[in-house]
Amino acid sequence: MSLFQAFAINSSGMTAERFRSDIIAENVANVSTTRDENGDVYTRQVVTFEEKRISALRHVLNSKRGDFRGDGVKVSSVQEDTDTDYVMEYDPSHPDADENGYVTYPNVNIVTEMTNLIDSSRAYEANATAFEASKSIASAGLSVGQ
């Protein structure tokens, strides 16, 4: 693996985790949102990653040589969480209450979001540390010839 490939892999990881943190922050910011501009309840967003490939041709050439290195990570999708139920809270005085007096709140759980944020933050830090290590190796390699 080339040194520049290590930089690319680590920076792609940092970029993806930064994006994930932004989506988590959006989820937390909308925890009390009872309706959006369309009148719907906010739905929690979930980020999915996948391996990043530079090109299909390079993937085929590398696999023929027995070289199965990755090229980093990328965000493959941001999807709505349809598995988690919305929170129903009884508040007949709320303007968004239904005919039974229940208000539908987003399916955002603060504990889950904060756990995901810690996970994302640690993954970002791990990529930053690996990037710094690669940079130190490159610097040491350049100083050997002096």
Verdict with reasoning, M88 to T104, per side-chain contact (heavy atoms from CB on, under 4.5 Å):
CA-CA 5 Å; M88 301 295 287; T104 305; 3.2 Å; yes
Do V28 and I110 pass the side-chain contact (heavy atoms from CB on, under 4.5 Å) test, and can you show the C-alpha distance, the side-chain angles, and the key distance before you say yes or no?
CA-CA 7 Å; V28 170; I110 291 294; 4.1 Å; yes
Considering all heavy atoms of both residues, which atom of S120 and which atom of I24 are nearest to each other, and what is their separation?
CB-CD1, 4.4 Å
Just verifying a value: how many Å separate N38 CG and D40 CG, rounded to the nearest 0.5 Å?
5.5 Å
Could you go step by step and tell me if T129 and E132 meet the side-chain contact (heavy atoms from CB on, under 4.5 Å) rule?
CA-CA 5 Å; T129 301; E132 287 298 320; 5.8 Å; no
Check the hydrophobic clustering (I, L, V, M, F, W, Y; side-chain heavy atoms under 4.5 Å; chains of links allowed) and say if V108 and V47 are grouped together.
no
If hydrophobic clusters are built by linking Ile, Leu, Val, Met, Phe, Trp and Tyr wherever their side-chain heavy atoms come under 4.5 Å apart, do V31 and M114 end up in the same one?
yes
ring-ring contact (aromatic ring centres under 6.0 Å, His included) pairs touching residues 13-40, sequence neighbours excluded, are none
Residues passing the side-chain contact (heavy atoms from CB on, under 4.5 Å) test with T112, sequence neighbours excluded, are R44, N109, N116
Could you tell me the separation between the CZ atom of R122 and the CD atom of E17, rounded to the nearest 0.5 Å?
13.0 Å
Closest heavy-atom pair, Y42 versus E26, reported as atoms and distance to 0.1 Å, is OH-OE2, 3.4 Å
Do other residues, nucleotides or ligands put more than 12 heavy atoms under 6.0 Å from the OH atom of Y102?
no
I9 and N127: which non-hydrogen atoms are nearest, and at how many Å?
O-OD1, 4.4 Å
Can you name the nearest heavy-atom pair linking I23 to V78, along with the distance?
CD1-CG1, 4.3 Å
Which distance, rounded to the nearest 0.5 Å, do you find between the CG of N27 and the OG1 of T43?
10.0 Å
To the closest 0.5 Å, what do you measure between OG (S121) and CZ (R20)?
10.5 Å
Shortest non-hydrogen contact between P106 and N30, atoms and distance
CG-O, 3.1 Å
Among residues at least two apart in sequence or on other chains, which ones pass side-chain hydrogen bond (donor to acceptor under 3.5 Å, both in side chains) with Y105?
none
Look only at the side chain of T15 and the backbone of S11, and say whether a donor-acceptor pair between them is shorter than 3.5 Å.
yes
CG/N10 to CD/Q5 distance, rounded to the nearest 0.5 angstrom?
10.5 Å
Under a single-linkage definition using a 4.5 Å side-chain heavy-atom cutoff for Ile, Leu, Val, Met, Phe, Trp and Tyr, are F7 and Y124 assigned to the same hydrophobic cluster?
yes
When you measure from the side chain of N107 to the backbone N and O of D81, does any donor-acceptor pair fall under 3.5 Å?
yes
List the atom of Q45, the atom of E80, and the distance in Å for their closest heavy-atom pair.
NE2-CG, 3.4 Å
So, does S77 use its side chain to make a donor-acceptor pair with the main chain of T48 at under 3.5 Å?
no
